[in-house]
Amino acid sequence: MRFNPLTADAHWQKVWEERGSFRASDERGGRPKAYILEMFPYPSGRIHMGHVRNYTMGDVLARYRRMNGFEVLHPMGWDAFGMPAENAAMEKKVHPGEWTRRNIGTMRSQMKRLGFALDWSRELATCDPDYYGHEQALFLDLYEAGLVYRKQSEVNWDPVDMTVLANEQVIDGRGWRSGAPVERRKLSQWFLKITDFAEELLDGLDTLDRWPDKVRLMQENWIGKSRGMRFRFALAEPVAGHESLEVFTTRPDTIFGASFAAVAPDHPIALALAEGNEALAAFIAECKQGGTTAAELETAEKKGFDTGARVVHPLDAAWTLPLYVANFVLMDYGTGAIFGAPGQDQRDLEFARKYGLPVPRVVAPTIEEAADPVGDEAYTGPGIIVNSRFLDGMDVETAIAEVIRRAEAEGWGQGTIVWRLRDWGVSRQRYWGAPIPIVHCAACGPVPVPRDQLPVVLPEDVSFALPGNPLERHTGWRDVPCPQCQGPARRETDTLDTFVDSSWYFIRFASQPAGAPFDKAEAERWLPIDQYIGGVEHAILHLLYARFWTRALKRIGRLDVAEPFKGLFTQGMVTHLTFQDEAGRWLTPEEAAAHPGPVRTGRVEKMSKSKKNTVDPEPIVDQYGADAVRWFMLSDSPPERDLEWSEAGIQGSWRFVQRLWRLAAEEAERGGSTWLGGGEGSSEEKALDRKLHQTIAAVGANIESLAFNKAVANLYELATAIEKAPPSSSRSKAVRALVVLAAPMVPHLAEEAWAALGGEGLAADAAWPEADPALLVADEVTIAVQVNGKLRDTLTAPKGAPREALEEMALASEKVVRSLEGKTPRKVIVVPDRLVNLVA
RNA sequence: GCCCCCGUGGCGGAAUUGGUAGACGCGCUCGACUCAAAAUCGAGUUCCGCAAGGAGUGCCGGUUCGACUCCGGCCGGGGGCACCA
């Protein structure tokens, strides 16, 4: 009498599909909507356990919302552009499109076997011209709105993948994919003006109260708002037409602590000065060579070159400071120039000590320390301004405001805000991406491809025999007449960063007309996404870009949605034991078992091919069925933390699935016969009723807060309570309810059990039971009795018993009397229905 | 370096606003069933102790009648950012 997932899974999946159970209808008939989305996968080949965990969580929520009367949109698609397809093309001589589509086919069928309640009718793949053509149209919309521009810029060049990387894709100075040290190159690139939205993107974070604090904080830091002041130093002698030097500082209060000024090696003034100064030119060249890896920067010496030029202090015309070119000043932050106040900045201090510059103290923690020299550490804390003329005696904040006020009044500077966030470079020198719909004409410049010529379709006949972008070599595709003057012109051969593809796919899911990216009204009926679930690795890149894209669409009037993701949940990874041989080579569990030599059992780590600790979900589903796998993905570990895969764990889940089935099957066999003994309303029945209703409330609350591990525990408890209860109508009701409560998690078993119990329709369509508030409260409570805060006894009292009664009962306890040792309590604390604490 | 999070049994983890620490699961032990095994069922399982009892949520201190929970300081682990002026 076992539950056989092999037949049941396929059967019910077919039933759901035939009935279109999970198709979202835009006609909602007054029902509230719930848009539940998991981050769509990159079709890398086969699904992995991380996918299974991610999609199971979303699925439980989607099914739960349906059962609660929501019209649910729960779609799935493919983030199908990207470099692995090109790598496969080069290595396996297969076209990226073919490789990608094959992977999609495999992964789709693997996913279907897990029984996810997905609306497959809305499936999309970003590599489909049907999708990226609309993306090209949106790109042109943004272009026309002035949110896209082209600029020569120094880029992060990955010499292995031969492509440009976004700042976000450079990790510790290395390409995020290739791991190769990144080089600096100048290229003409397309940029999206995300910095236009810096303030909005930052402020918007405050409205995202259903996002993890961690992610909001990471985005906040990434946007990096700094308040400060820009101001100009006059140059004592003009340099190639430059009469002044503009700097940015967050500490205008330390202006009298200035002892030098410094510019970036690629600052125009530095370059101008280098014209007639070979030593300086050599220094600048040396700075450019420096590596960009974190390790190199960490150890890199702070180096400067005294240009001999001097700048005039803005508050004292008789005071000049030396002007350095310094390797640690960045051209693309602030103004590319700083002033150094070594007393209040550690890096400035090290620089000043190295070059023998003065180190005045202008902030002291207390007035007594005003004259103390600065030691090895700059003082960056709060305090009183000293040695600073009219600022003396002010606190830091007041002094900052005062200097800004004065600079603005006198016209040499102004308060300002500087952002860390840079514009988003979207050009990629790759084939397998959405072509940028622009034609370059020698006479007209960049010209947008006319709308009626969209999509600009990727040519299929390309060769990957040479490194670099095959589009550049494909003359038949590349060379086209200029749309404006019909003269000879070339298509843009760069393609869009794949993060563009994922910046709006959730809108296309909500609305997919043929002739437009989406229908405004229809998309607005589904958006924002109520719950978005995915890996924390996308905390900055994808989520920030998608927020930007949504706001950009709002600005140009295409979509009236401010924030695309109302709720965000970042789930933990799936980990597994690792094994290594004596030489440190990673071994699969099977290899480890068969290995002749000593095997080191390593740490539990994220499943990865390189560590050979992956577990392919498919054979596991073959063996245990979809429900056991789903149950395991939800059990034990809180969803935001890592989940360790284990054979024992999956077996435990399998046992529970069978146990649940036995409960239902036995009940079905007994089938509605009348019960002897333990008559209606017995205390045993009442206890089970209460347990049931408490479980209904708890499971619902726990699913809603995505605490699946707790919901799982609730169901275990209910199952145990039912098993221990004698047959009765309460028990029969409880079994049926248990099946419904478990349905979002183990949907195939639920259908099978539901059918066996003669339930109407599908378990998937069953209404979520309502918890009876009267049954949520017990009529007897256990009271803890403490003496001096230490637990001495527990006693049972009717709910709502008066304080005096509880106190009396406590004092009557033998154990309490013993603990009191004859003393009389001088204070009694009573928390009704909870505890009595006797203080002696 | 800066910012953030987390430290609870053998293990994963529970514990509304401070109010019976260890729910639930895994593992383990003993027992039942079985020729035997698997499956299943029952009992037990924080530590010390035969027990009464005592100790206990990384460590030290504080607030409180009462602290896993709040505060201060340390130690350990993880994550993010980083020549950002």
Side-chain angles (χ1 to χ4, degrees), chain A residues 2 172 212-222 224 226 228-229 247-251 254 261-262 264 290 292 294 296-303 326-330 332-341 344-348 350-351 380 418-420 536-537 539-540 604 631-632 635-638 640-644 646-656 658-659 662 701 707 709-720 723-724 782-795 815 818 825-831 833-840:
Chain A
R2 275 196 172 187
D172 291 342
D213 291 342
K214 181 170 83 169
V215 175
R216 286 194 291 186
L217 195 73
M218 281 162 69
Q219 292 217 350
E220 193 183 317
N221 290 339
W222 189 266
S226 290
M229 181 174 94
V247 301
F248 171 74
T249 179
T250 54
R251 294 295 301 275
T254 63
T292 50
E296 280 171 303
L297 287 174
E298 192 79 37
T299 52
E301 220 179 326
K302 309 284 175 272
K303 276 189 269 187
N327 66 347
F328 61 86
V329 180
L330 304 174
D332 54 359
Y333 183 78
T335 62
I338 62 160
F339 80 84
Q344 277 64 50
D345 183 282
Q346 191 58 31
R347 198 190 42 210
D348 292 350
E350 284 163 26
F351 189 82
T380 56
V418 164
W419 304 88
R420 208 192 79 106
V536 72
E537 66 272 20
I540 298 171
V604 173
W631 186 258
F632 180 59
S635 305
D636 294 347
S637 284
E640 68 277 11
R641 285 203 220 166
D642 292 351
L643 172 73
E644 188 187 338
S646 73
E647 194 59 31
I650 183 67
Q651 279 169 11
S653 295
W654 161 257
R655 282 201 298 272
F656 181 71
Q658 292 302 333
R659 193 176 146 202
R662 264 195 315 277
N709 57 322
K710 294 189 224 171
V712 161
N714 299 145
L715 292 173
Y716 270 116
E717 276 190 73
L718 179 60
T720 303
E723 281 167 350
K724 298 210 158 149
T782 308
I783 305 289
V785 183
Q786 300 178 336
V787 176
N788 292 329
K790 281 198 186 288
L791 183 74
R792 293 301 171 189
D793 201 2
T794 57
L795 46 92
K815 289 179 184 169
R818 210 183 311 146
R826 58 184 163 84
K827 192 172 175 191
V828 180
I829 287 139
V830 179
V831 181
D833 294 337
R834 292 217 88 129
L835 93 166
V836 178
N837 187 11
L838 306 165
V839 186

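Note on naming: letters A, B, ... go to the chains in the order of the sequence lines (proteins, then strands), and numbering restarts at 1 for each one.
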Side chain of A/Gln219, backbone of A/Ala539: donor and acceptor closer than 3.5 Å?
yes

Would you measure the distance from the C1' atom in B/rU17 across to the matching atom in B/rG56 and give it in whole Å?
25 Å

Among residues at least two apart in sequence or on other chains, which ones pass side-chain hydrogen bond (donor to acceptor under 3.5 Å, both in side chains) with A/Glu723?
A/Arg659

Atom pairs, N/O to N/O, protein against nucleotides 16-23 of chain B, distance under 3.5 Å?
unit_1 : atom_1 : unit_2   : atom_2 : d
B/rG19 : O2'    : A/Arg834 : NE     : 3.0
B/rG19 : N2     : A/Gln786 : OE1    : 3.4
B/rA23 : O2'    : A/Glu717 : OE2    : 3.2

A/Phe632 CZ to B/rG13 P, straight-line distance once rounded to whole Å:
12 Å

Pairwise P distance for B/rC68 and B/rU57, with rounding to whole Å
7 Å

If I pick the P atom on B/rG54 and the same atom on B/rC6, what distance separates them, to the nearest angstrom?
33 Å

Please name all residues satisfying side-chain hydrogen bond (donor to acceptor under 3.5 Å, both in side chains) with A/Asn788, sequence neighbours left out, ordered by chain then number.
none

Please report, rounded to the nearest Å, how far the C1' atom of B/rA82 is from the CE atom of A/Met218.
14 Å

Let me know the distance between CZ of A/Arg216 and C1' of B/rC3, rounded to the nearest Å.
16 Å

Length of the NZ-P vector between A/Lys827 and B/rU64, whole Å:
10 Å

Does A/Arg792 form a side chain to side chain contact (heavy atoms under 4.5 Å, CB included) with A/Gln786? I'd like the steps, not just the answer.
CA-CA 5 Å; A/Arg792 293 301 171 189; A/Gln786 300 178 336; over 6 Å; no

How many Å lie between CG on A/Asp332 and C1' on B/rA85, as a whole number?
13 Å

Roughly, in whole Å, what's the span from CG in A/Leu838 to P in B/rG66?
14 Å

Under the side-chain contact (heavy atoms from CB on, under 4.5 Å) test, which residues partner A/Ala341, sequence neighbours left out?
A/Thr254, A/Phe339

Say we look at B/rG27 and B/rG18: how far apart would their C1' atoms be, to the nearest angstrom?
34 Å

When rounded to the nearest Å, what value does the distance between C1' atoms of B/rA82 and B/rC71 take?
31 Å

Would you say A/Arg826 reaches B/rC65's phosphate, i.e. side-chain N/O to OP1/OP2 under 4.0 Å?
no

When A/Ser653 and A/Val839 are each assigned the nearest nucleotide of RNA chain B, the 5'-most assignment goes to A/Ser653

Can B/rG72 be described as syn, meaning its chi torsion is within 90° of 0, or is it anti?
anti

Distance between C1' atoms of B/rG80 and B/rU16 (Å, rounded):
31 Å

Results of side-chain hydrogen bond (donor to acceptor under 3.5 Å, both in side chains) for A/Asn709 - residues two or more places apart only:
none

Which of the following nucleotides, B/rC3, B/rG13, B/rA85, is nearest to the side chain of A/Asn221?
B/rC3

P spacing across the pair B/rC26 / B/rG42, given as an integer number of angstrom:
13 Å

Base, sugar-phosphate alone, or nothing: which one does A/Val247 contact when heavy atoms must sit under 4.0 Å apart?
nothing

Residues in side-chain contact (heavy atoms from CB on, under 4.5 Å) contact with A/Ser226, at least two apart in sequence or another chain:
A/Phe248, A/Thr250, A/Tyr333

Side-chain donor/acceptor of A/Arg420 to backbone N/O of A/Trp222, under 3.5 Å
yes

Side chain of A/Asn837, backbone of A/Gly789: donor and acceptor closer than 3.5 Å?
yes

Identify the heavy atoms of A/Val329 and A/Gly336 that sit nearest to each other, and give their distance.
CG1-O, 3.5 Å

Write out a two-atom table: protein N or O, nucleotide N or O from nucleotides 30-34 of chain B, distance below 3.5 Å.
none

According to a strict under-4.0 Å criterion, is A/Tyr716 in side-chain N/O contact with OP1 or OP2 of B/rG25?
no

From CZ of A/Arg420 across to P of B/rC2 the rounded distance in Å is 17 Å

Let me have RNA chain B in dot-bracket notation, would you? Count Watson-Crick plus G-U wobble pairs, both distances under 3.5 Å, and use [ ] for pairs crossing earlier ones and | for inter-strand partners.
(((((((..(((......[....)))((((((.......))))))(((....)))..(((((..]....))))))))))))....

Taking C-beta and beyond as the side chain, do A/Thr380 and A/Gln346 meet within less than 4.5 Å on heavy atoms?
no

Using nucleotides 39-44 of chain B, report all nitrogen or oxygen pairs with the protein that are shorter than 3.5 Å.
none

A/Asp636 side chain near A/Glu644 side chain, heavy-atom distance below 4.5 Å:
no

Distance check, C1' atoms only: B/rC50 and B/rC5, in whole angstrom units.
46 Å

Non-neighbouring partners of A/Asp642 that pass side-chain contact (heavy atoms from CB on, under 4.5 Å), sequence neighbours left out
A/Met573, A/Thr575

Is there a side-chain polar atom (N or O) of A/Arg792 under 4.0 Å from OP1 or OP2 of B/rG54?
yes

Counterpart residues, side-chain contact (heavy atoms from CB on, under 4.5 Å), relative to A/Lys724 (two or more places apart)
A/Thr720

Just distance, no hydrogens or angles: give the donor-acceptor pairs under 3.5 Å from side chains in residues 711-719 of chain A, sequence neighbours left out.
unit_1   : atom_1 : unit_2   : atom_2 : d
A/Asn714 : OD1    : A/Asn702 : ND2    : 2.8
A/Asn714 : ND2    : A/Lys710 : O      : 3.4
A/Tyr716 : OH     : A/Trp631 : NE1    : 3.2
A/Glu717 : OE1    : A/Lys691 : NZ     : 3.0

To the side chain of A/Arg641, which of B/rC81, B/rA55, B/rA14 is closest?
B/rA14

Side chain to side chain contact (heavy atoms under 4.5 Å, CB included) evaluation trace for A/Val785 with A/Thr794
CA-CA 6 Å; A/Val785 183; A/Thr794 57; over 6 Å; no

Spacing between A/Leu217 atom CG and B/rG79 atom P, to the nearest angstrom:
17 Å

